[in-house]
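The next block holds one structure in the form of structure tokens; read it before the comments.
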Amino acid sequence: MLQVPFIRENKAEVIERLSKRNIDAVKMIDAVIVLDEKRRSIQAQLDTVLAESNTISKQIGGLYKSGKVEEANVLKAKTGELKEKSKTLAETLTTVEGELKDLLYQIPNVPHDSVPVGNSEADNEELLRAGDVPKLHEGALPHWELAKKYDIIDFELGNKIAGAGFPVYKGKGARLQRALIAYFLDTNTAAGYTEYQLPHLVNEASGLGTGQLPDKEGQMYHVTEDNLYLIPTAEVPGTNIFRDVIVNESELPISITGYTPCFRREAGSYGAHVRGLNRLHQFDKVEIIRVEHPSKSYKALDGMVNHVKSILEALKLPYRILRLCSGDTSFTAALTYDFEIFSTAQDRWLEVSSVSNFETFQANRLKLRLKNNDGKKELAHTLNGSALALPRILAGILENYQKEDGIHIPEVLQPYTGFAKID
RNA sequence: GGAGAAAUGGCAGAGUGGUCGAAUGCGGCAGUCUUGAAAACUGUUGAGGGUCACACCUCCGGGGGUUCGAAUCCCUCUUUCUCCGCCA
């Protein structure tokens, strides 16, 4: 959520920057300013009425004490009118505040200056391509075939138990999943992130805090009985640790990591591109989250990018880094870098991480503030990224590391898997 | 799930209808003292709205009500604790 004072003071700039997202924000921004003025004017009127009413109440108290009941009753009669007035004003205020909030919920974050203009993923800017694409033997298979051949992932079984998009990992497949989670967590904690285990269901306030609600309501599984949502990413419970929190500047940066399963309804996805592990309703992910001082958040973002890079390099997977274009950058993010690994067997790039700076967009909804060293309060910046999402990493390992005699496990993972080959 | 108790500032904890945004202690911050530190002492220290700045308004778990006036009374929801039941 953008900050109203920022919108008010930088109206033209906000509209200009939002236009990068192909949004004509003129009407919305004007409406925000009008509603905010209305809000403040009504607030002021209400305050005046309440002030008068408070004064009279105090006088009545004094009169009663000195036994002047008659005079007190005269004043009492006066308060009825004030009460009516304040009630009406308070109702109007609630309405206007609601309208303003609804409107603000509809306005996405303003993209960072470096974000290239574009409509789709085709316009994303490739910044780096690294790692060797292996030459596979004749008859190399895509991961869903490999999964069947070595009996490590059973998609049909998952289908039976839950439905499409809920794979069952077994044997060395299950162990490899566990190894990846442990390896990622160890790597992240070694880099200074504190490990958390977080709830997998969250309440409505948390969904609003990080921006999944109301914008992406249909993408989350909703447990209506208890009004809870299954998390689509650890970003939601992880970032909401800091909802309604004021941190001291000296406590920054805050760096946390956590493994969670992620649940996504993926309404509207279909076809060959969602085959196998490419798109799932339930998958595992290790997330990194940071809370930063605004002056340091972009440096932190670079640090996170380098961290993810180092993991992919350790796994020896061919990858590239993209700077997402305005059309592909999510609603809440100001700047996002995507990591993709190249799957030789599928001959396509697979997204494995998305690292974003949300600046104050989430913090404003979360009311996550920092008290700087001068004692002044301002909104903090939040960031997060995957380090990493499992399914496509697994797909990449299976496909890129396949040899005729089986799938060779990347060296760094072997201490975690306890085996060097799946055959 | 049943019975009872409770929810107040960073923490602990007073406050049961008016002068309470709220005693006191701890913690935090600043200062005095000290070569420095500790101790001791002094001062200061919640959040939001509003204003150029004040004034002023709101907030004592959430929501609603009674009253001229609510942290205080009533209703309701949530959460926590104790006991019982069930249970990985």
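The shown structure was predicted, so the numbers you read here are calculated from the model rather than taken from an experiment. Just the heavy atoms: all of them, side chains too, but no hydrogens, waters or symmetry mates, feed the values below. Sequence lines set the chain letters: A, B, ... in the order given, protein chains first and strands last, and positions in each chain run from 1.
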Chi angles and distances behind the side-chain hydrogen bond (donor to acceptor under 3.5 Å, both in side chains) call for A:Asn278, A:Arg275: CA-CA 6 Å; A:Asn278 289 351; A:Arg275 196 124 184 232; over 6 Å; no
Could you tell me whether A:Ala51 contacts a base, only the sugar-phosphate backbone, or nothing, with contacts defined as non-hydrogen atoms closer than 4.0 Å? sugar-phosphate
Value in whole Å for how far the P atom of B:rC57 lies from CG of A:Leu82: 13 Å
Tell me if the CD atom of A:Glu84 is crowded by more than 12 foreign heavy atoms within 6.0 Å. no
A:Thr55 vs A:Leu75, nearer the 5' end of RNA chain B by closest nucleotide: A:Thr55
Who is the Watson-Crick or G-U wobble partner of B:rG43, with both distances under 3.5 Å? B:rC29
Say we look at B:rC77 and B:rG25: how far apart would their C1' atoms be, to the nearest angstrom? 34 Å
Measure from NZ on A:Lys376 to P on B:rG46 and round the result to the nearest Å. 17 Å
A:Lys377 side chain N/O closer than 4.0 Å to the phosphate oxygens (OP1, OP2) of B:rA47? yes
B:rG69 phosphate, OP1 or OP2: any side-chain N/O from A:Asn54 under 4.0 angstrom? no
Side chain of A:Thr79 only, heavy atoms from C-beta on: which candidate in B:rG50, B:rC68, B:rG49 is closest? B:rC68
Could you check how far NZ of A:Lys83 sits from C1' of B:rC57, rounded to whole Å? 18 Å
Rounded distance in Å - CG (A:Asp244) to C1' (B:rU79): 16 Å
Side chain of A:Lys76: nearest nucleotide among B:rA47, B:rU58, B:rC68? B:rC68
If we call it a pair only when both distances are under 3.5 Å in a Watson-Crick or G-U wobble match, what pairs with B:rG9? none
Between B:rC57, B:rG69, B:rA47, which one does the side chain of A:Ile246 approach most closely? B:rA47
5' precedence on RNA chain B between A:Asp47 and A:Gly80 (nearest-nucleotide basis): A:Asp47
From CZ of A:Arg40 across to P of B:rG48 the rounded distance in Å is 17 Å
Strictly distance-based, threshold 3.5 Å: is any side-chain N or O of A:Asn188 a donor or acceptor partner for the main-chain N or O of A:Ala387? yes
Between B:rA37 and B:rA5, how far apart are the two C1' atoms, rounded to whole Å? 47 Å
When the distance from CD of A:Gln45 to P of B:rG50 is rounded to whole Å, what number comes out? 15 Å
Say you pick atom P in B:rA40 and the same atom in B:rG50; how far apart are they, in whole Å? 43 Å
Output the rounded distance in Å from CG (A:Leu50) to C1' (B:rG49). 13 Å
Strictly by Watson-Crick or wobble contacts shorter than 3.5 Å, is anything paired with B:rU82, and which nucleotide is it? B:rA3
Could you tell me how far B:rA53 sits from B:rG65 if I compare only their P atoms? Round to whole Å. 34 Å
Using a heavy-atom cut-off of under 4.0 Å over every strand shown, decide if A:Ile60 touches base, sugar-phosphate, or nothing. base
For A:Ile56 and B:rU67, what is the distance between atoms CD1 and P respectively, to the nearest whole Å? 17 Å
I need the A:Arg175 CZ to A:Phe419 CZ distance, nearest 0.5 Å. 7.0 Å
A:Arg39 side-chain proximity, nearest of B:rU67, B:rG50, B:rG48: B:rG50
Flag side-chain contact, heavy atom, 4.5 Å: A:Glu287 against A:Asn384: yes
Any strand, both distances under 3.5 Å, Watson-Crick or G-U wobble: B:rG69 pairs with none
Take atom C1' in B:rC33 and the same atom in B:rA47, then report the distance between them in whole Å. 36 Å
When rounded to the nearest Å, what value does the distance between C1' atoms of B:rA7 and B:rG69 take? 25 Å
Scanning all shown strands, the Watson-Crick or wobble mate of B:rC54 with both distances under 3.5 Å is none
Does A:Lys371 make a side-chain N or O approach to OP1 or OP2 of B:rG28 shorter than 4.0 Å? no
Do A:Arg17 and A:Glu13 sit within salt-bridge range, that is, some charged N less than 4.0 Å from a carboxylate O? yes
Going by an N to O cut-off under 4.0 Å, is there a salt bridge joining A:Asp36 and A:Arg39? yes
Sort out the partner of B:rA14 for me: Watson-Crick or G-U wobble, both distances under 3.5 Å, none otherwise. none
Write down the distance separating the P atoms in B:rU16 and B:rC73, rounded off to the nearest Å. 9 Å
For A:Glu399 and A:Gln346, what are the C-alpha separation, side-chain angles and deciding distance, and is it a side-chain hydrogen bond (donor to acceptor under 3.5 Å, both in side chains)? CA-CA 8 Å; A:Glu399 289 169 354; A:Gln346 290 184 67; 3.0 Å; yes
Say we look at B:rG46 and B:rG10: how far apart would their C1' atoms be, to the nearest angstrom? 9 Å
I want to check one thing: is the phosphate of B:rA47, taken as OP1 and OP2, less than 4.0 Å away from some side-chain N or O of A:Arg369? no
